[in-house]
Asker: 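Below are the C-alpha cells for one structure; questions will follow.
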Amino acid sequence: HGLITDENRARLGLLFYGDQQAPISAAEFLAVGSRASQDKAAAAAKKAVTKRKGFGSKQVEAVAPASADTVLTEATLSQVIQYNSWGEFYSDLGAAPCRNQPSQSCEGVWPEFSLLNHSCIANTLPILVGDRLIVRAARGIPKGIEVTTNYLGIDAFETVSSRQQHLEATFGFKCGCARCVVESRMHADITSQLEHMSAQLDGGAVEQQITAQIAADDTAALSEHKVRLELQVNKLEALMEEHGVQPQERVWLRASSYTTYELLAITKHTELQSVSTEDRDGSAALIATLVPIVQAVAPGSDHHLYLSCQLLEWRAQQPVGSEQRDQTSKALLAAHLTRYGRVSDAVLTKLMIARSRVGSDLLGHISLPTPWARQAAPAR
C-alpha cells in the first residue's frame with residue numbers, strides 16, 4: 001500500500017466491492033481527499049464540462065471529505081479490483097500505430113470510470129491508448145439520462161439469460177436495461193428459439209469446426225453448416241414477424257444470436273468465393289447484414305469498425321458517386337467519428353488506414369477475407 005497515496009486509498013475505499021448498501025455519488029467521490037484536492041477536483045470537473053470532456057458536474061456540492069486514514073485491507077483491495085478493474089488485450093488498434101506505439105495489453109482500476117453502471121446497450125465507449133483510458137459517448141445522451149458502460153464485452157452478444165447469469169455471478173446484480181426488459185418479455189416461442197440457437201453453437205465448437213473447414217477448403221461440410229444455420233436464422237426471423245416485433249427490438253434479438261448470423265454470413269461468403277472470387281456485391285451484402293447488429297449494441301467498437309472497413313473494401317470498385325459506395329463511405333466515417341471524435345482529416349485518414357489492416361483473428365472472429373487481404377497474403 002506504500003505506492004497508494006492517501007487520497008487514492010480513500011477513493012478506492014469508496015468504490016463498490018460487494019457489500020455496500022448504496023452507491024457513492026459523483027459529488028461525494030470528488031470530495032475525497034484534502035480540501036485542496038477537493039477544490040482542484042471540482043475546478044477540473046467544471047472545466048471538463050465546459051469543454052465537453054471527461055467526467056464531472058458543474059454543480060459539485062461540498063460534502064465532508066473522506067479521511068486520509070481510510071483503511072484498505074488486502075482483502076478489500078482484492079475485492080475492489082475484482083469489481084472495478086477493466087482491461088483490454090491490446091491498445092487501440094488505430095491510435096497505437098499512429099502514435100508509433102506497440103499495441104499492448106493493459107489492465108487497471110480507473111476510479112472515475114468505475115462509477116459507471118452497466119447496460120447491455122451502453123451509451124459510452126472505453127478506449128485504451130497506452131495506459132490511459134478514454135471514455136467517449138457512443139450515442140447521443142440526452143440531459144438527465146444515465147451514462148453507462150458495458151461490463152460484458154463480447155458477451156453482450158449473448159442471450160438475455162446468459163447475460164444475466166454472467167452479471168449476477170460476477171458482479172452480483174441483474175441488468176434492467178431497456179434491451180434486457182424487452183427480451184425478458186418476449187413471446188416464449190422467440191425466447192425458446194434464441195436459447196436453441198445458442199445451444200446449437202455447442203460452446204464455440206461449431207465456430208471451431210467452420211474455421212478448420214475453411215482452412216481445409218472442405219466445401220461440402222461448410223455447405224451442411226450453412227443449411228443448418230440458415231434454418232435457425234429463418235425461423236427466428238419468421239417468429240419475429242409472426243409476433244409483430246418492432247424494428248429496434250428485432251435488431252436487439254439478432255444481437256443476442258449474433259454468432260449464428262455471423263457464421264451464416266461466413267459460410268455463405270465462402271460458398272460465393274468458391275464459385276466466383278469476383279462476386280463483390282454478394283459478399284458486401286453479407287457483411288452489410290452484420291453491421292447494424294453490431295452497431296446497435298456496440299457502436300464504435302473494434303468489430304464495428306472492422307466490419308465497416310471490410311464493407312468498403314468489397315464496394316471499393318463500384319463507381320465513384322454510386323449510392324451504395326457513398327453510403328458505405330459515410331457509414332465508415334461515422335463509425336470512426338464515434339470512436340475518435342472530430343480530428344483532422346490527416347489524422348482520420350491515418351486512423352482508417354491503420355484500421356483497414358486489422359485482421360479479425362486479432363478480434364476473435366473468423367475473417368471474411370477482403371480483396372486487400374487476398375492481395376497481401378503470401379503466395380502458396
Asker: Taking 4.0 angstrom as the limit, do Arg132 and Asp92 come out as a salt bridge?
Answerer: no
Asker: Would you please classify the geometry between the Trp110 ring and the Trp86 ring as parallel, tilted or perpendicular, with 30° and 60° separating the classes?
Answerer: perpendicular
Asker: To the nearest 0.5 Å, tell me how far Thr148 OG1 sits from Ile121 CD1.
Answerer: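 CD1 of Ile121 is found 8.0 Å from OG1 of Thr148.
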Asker: In sequence, state the C-alpha distance, the side-chain angles, and the governing distance for Leu128 and Tyr90, and then conclude on side-chain contact (heavy atoms from CB on, under 4.5 Å).
Answerer: CA-CA 8 Å; Leu128 184 65; Tyr90 41 78; over 6 Å; no
Asker: Looking at Thr260, Ile190, Val245, which one forms a side chain to side chain contact (heavy atoms under 4.5 Å, CB included) with Leu236?
Answerer: Ile190
Asker: Gln104 side chain to Ser91 main-chain N or O, any donor-acceptor pair under 3.5 Å?
Answerer: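 Flag not set: sc Gln104 to bb Ser91 has no pair under 3.5 Å.
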Asker: In terms of hydrophobic clustering (I, L, V, M, F, W, Y; side-chain heavy atoms under 4.5 Å; direct or indirect links), are Ile127 and Leu115 co-clustered?
Answerer: no
Asker: Can you label the angle between the Phe173 ring and the Phe171 ring as parallel, tilted or perpendicular, going by 30° and 60°?
Answerer: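 Plane angle between 30° and 60°, so tilted.
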Asker: For Leu152 and His118, run side-chain contact (heavy atoms from CB on, under 4.5 Å): C-alpha distance rounded to whole Å, both residues' side-chain angles, the deciding distance at 0.1 Å, then the answer.
Answerer: CA-CA 8 Å; Leu152 292 172; His118 165 81; 3.9 Å; yes
Asker: Compare every heavy atom of Ala298 with every heavy atom of Ser301, then report the nearest pair and how far apart it is.
Answerer: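 For Ser301 versus Ala298, the nearest heavy atoms are OG-O, 2.8 Å.
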Asker: So how far is it from Ser308 OG to Arg355 CZ, rounded to the nearest 0.5 Å?
Answerer: 10.5 Å
Asker: Where do Leu348 and Leu333 land on the side-chain contact (heavy atoms from CB on, under 4.5 Å) test, with the steps shown first?
Answerer: CA-CA 9 Å; Leu348 186 60; Leu333 178 62; 3.1 Å; yes
Asker: Which pair of non-hydrogen atoms, one from Gly300 and one from Leu125, has the smallest distance, and what is that distance?
Answerer: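 Scanning both residues, the minimum pair turns out to be O-CD2, 3.3 Å.
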Asker: For the hydrophobic clusters of this structure (ILVMFWY residues joined by side-chain heavy atoms under 4.5 Å, transitively), does one cluster hold both Val251 and Val182?
Answerer: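 In one cluster with Val251: Val182, no.
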Asker: According to a 4.5 Å side-chain heavy-atom criterion applied to Ile, Leu, Val, Met, Phe, Trp and Tyr, with indirect links allowed, do Leu93 and Leu312 form part of one hydrophobic cluster?
Answerer: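 No, Leu93 and Leu312 fall in different hydrophobic clusters.
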Asker: In sequence, state the C-alpha distance, the side-chain angles, and the governing distance for Glu249 and Met240, and then conclude on side-chain contact (heavy atoms from CB on, under 4.5 Å).
Answerer: CA-CA 9 Å; Glu249 297 172 354; Met240 292 192 291; over 6 Å; no
Asker: When clusters are formed by joining ILVMFWY residues with side-chain heavy atoms under 4.5 Å apart, either directly or through shared neighbours, do Met352 and Leu307 land in the same one?
Answerer: no
Asker: Nearest heavy-atom pair of Val181 and Gly176: which atoms, and what distance?
Answerer: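 Looks like CG2-O, 3.6 Å.
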Asker: Could you label the plane-to-plane angle of the Trp314 and His269 rings as parallel, tilted or perpendicular, counting under 30° as parallel and over 60° as perpendicular?
Answerer: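 Perpendicular: the ring planes of Trp314 and His269 meet at over 60°.
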Asker: Does the side chain of Leu116 come within less than 4.5 Å of Val135's, by heavy atoms?
Answerer: yes
Asker: Would you mind reporting whether Lys226 and Leu222 have side-chain heavy atoms less than 4.5 Å apart?
Answerer: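 Counting from C-beta outward, Leu222 and Lys226 never come under 4.5 Å.
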Asker: Would you check if the side chain of Arg136 reaches a backbone N or O of Arg339 as a donor-acceptor pair within less than 3.5 Å?
Answerer: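 Between the backbone of Arg339 and the side chain of Arg136 there is a qualifying donor-acceptor contact (under 3.5 Å).
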Asker: Can you check whether Lys268 reaches Glu230 side chain to side chain, under 4.5 Å on heavy atoms?
Answerer: yes
Asker: At what distance, to the nearest 0.5 angstrom, does CG of Asp189 lie from CD of Glu242?
Answerer: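 Reported to 0.5 Å precision, the distance equals 6.5 Å.
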Asker: If I take atom OG from residue Ser198 and atom CD from residue Glu158, how far apart are they, to the nearest 0.5 angstrom?
Answerer: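 Taking OG in Ser198 and CD in Glu158, the distance rounds to 5.5 Å.
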Asker: Determine yes or no for a side-chain-to-main-chain donor-acceptor pair under 3.5 angstrom, with Glu183 supplying the side chain and Leu253 the backbone.
Answerer: no
Asker: Please assess Glu323 against Gln327 for the test side chain to side chain donor-acceptor pair (under 3.5 Å), listing each intermediate value before the final yes or no.
Answerer: CA-CA 6 Å; Glu323 184 177 356; Gln327 289 178 348; 3.2 Å; yes
Asker: Give me the atom names and distance for the closest heavy-atom approach of Ala255 to Val297.
Answerer: CB-CG2, 3.4 Å
Asker: Can you find a heavy atom in the side chain of Val294 that is under 4.5 Å from one in the side chain of Tyr258?
Answerer: yes
Asker: Would you say Arg139's side chain and Ala122's backbone share a donor-acceptor pair under 3.5 angstrom?
Answerer: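 Looks like yes, one N/O pair under 3.5 Å.
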Asker: Can you find a pair of side-chain heavy atoms, one from Arg179 and one from Arg163, that are under 4.5 Å apart?
Answerer: yes
Asker: Under the 3.5 angstrom rule, does the side chain of Thr170 hit a backbone N or O of Leu167 as a donor-acceptor pair?
Answerer: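 Absent.
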Asker: May I ask you to test the Leu272-Leu286 pair for a side-chain heavy-atom distance under 4.5 Å?
Answerer: yes
Asker: Please report the interatomic distance OG(Ser256) to CZ(Phe157), rounded to the nearest 0.5 Å.
Answerer: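 Reported to 0.5 Å precision, the distance equals 9.5 Å.
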Asker: Quick check against the 3.5 Å criterion: does Ser192 have a side-chain atom that pairs as donor or acceptor with the backbone of Ala188?
Answerer: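 No; judged by distance alone, with no hydrogens or angles, the pair does not exist.
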Asker: Could Glu241 and Arg250 be called an ion pair, given the rule that one side-chain N must be under 4.0 Å from one carboxylate O?
Answerer: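 Yes, Glu241 and Arg250 are salt-bridged.
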Asker: Of all heavy-atom pairs between Leu311 and Ala284, which one has the smallest distance, and what is that distance?
Answerer: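 Reported closest heavy-atom pair: CD1-O, 3.2 Å.
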Asker: Could you give the distance from SG (Cys175) to CD (Gln164), rounded to the nearest 0.5 Å?
Answerer: 6.0 Å
Asker: In the structure I gave you, are the side-chain heavy atoms of Asp155 and Ser162 within less than 4.5 Å of one another anywhere?
Answerer: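 They are not in contact (no side-chain heavy atoms under 4.5 Å apart), so the answer is no.
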Asker: Ignoring hydrogens and angles, tell me if any N or O in the side chain of Asn123 forms a donor-acceptor pair with the backbone of Glu146 under 3.5 Å.
Answerer: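 Checking the backbone N and O of Glu146 against the side chain of Asn123, a donor-acceptor pair under 3.5 Å is found.
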Asker: Report yes if some heavy atom in the side chain of Gln200 is under 4.5 Å from a heavy atom in the side chain of Val206; otherwise report no.
Answerer: no
Asker: Run the numbers on Glu195 and Ser161 for side chain to side chain donor-acceptor pair (under 3.5 Å), then give the verdict.
Answerer: CA-CA 8 Å; Glu195 294 295 340; Ser161 61; 2.4 Å; yes
Asker: Give the minimum heavy-atom separation between Leu290 and Ala265, together with the two atoms involved.
Answerer: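 Smallest heavy-atom distance, with atoms named: CD1-CB, 4.0 Å.
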Asker: Establish whether Leu332 and Ile293 are linked, either directly or via other cluster members, by ILVMFWY side-chain heavy-atom contacts under 4.5 Å.
Answerer: no
Asker: Do side-chain atoms of Ser223 reach the backbone of Thr219 as a donor and acceptor pair under 3.5 angstrom?
Answerer: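 No.
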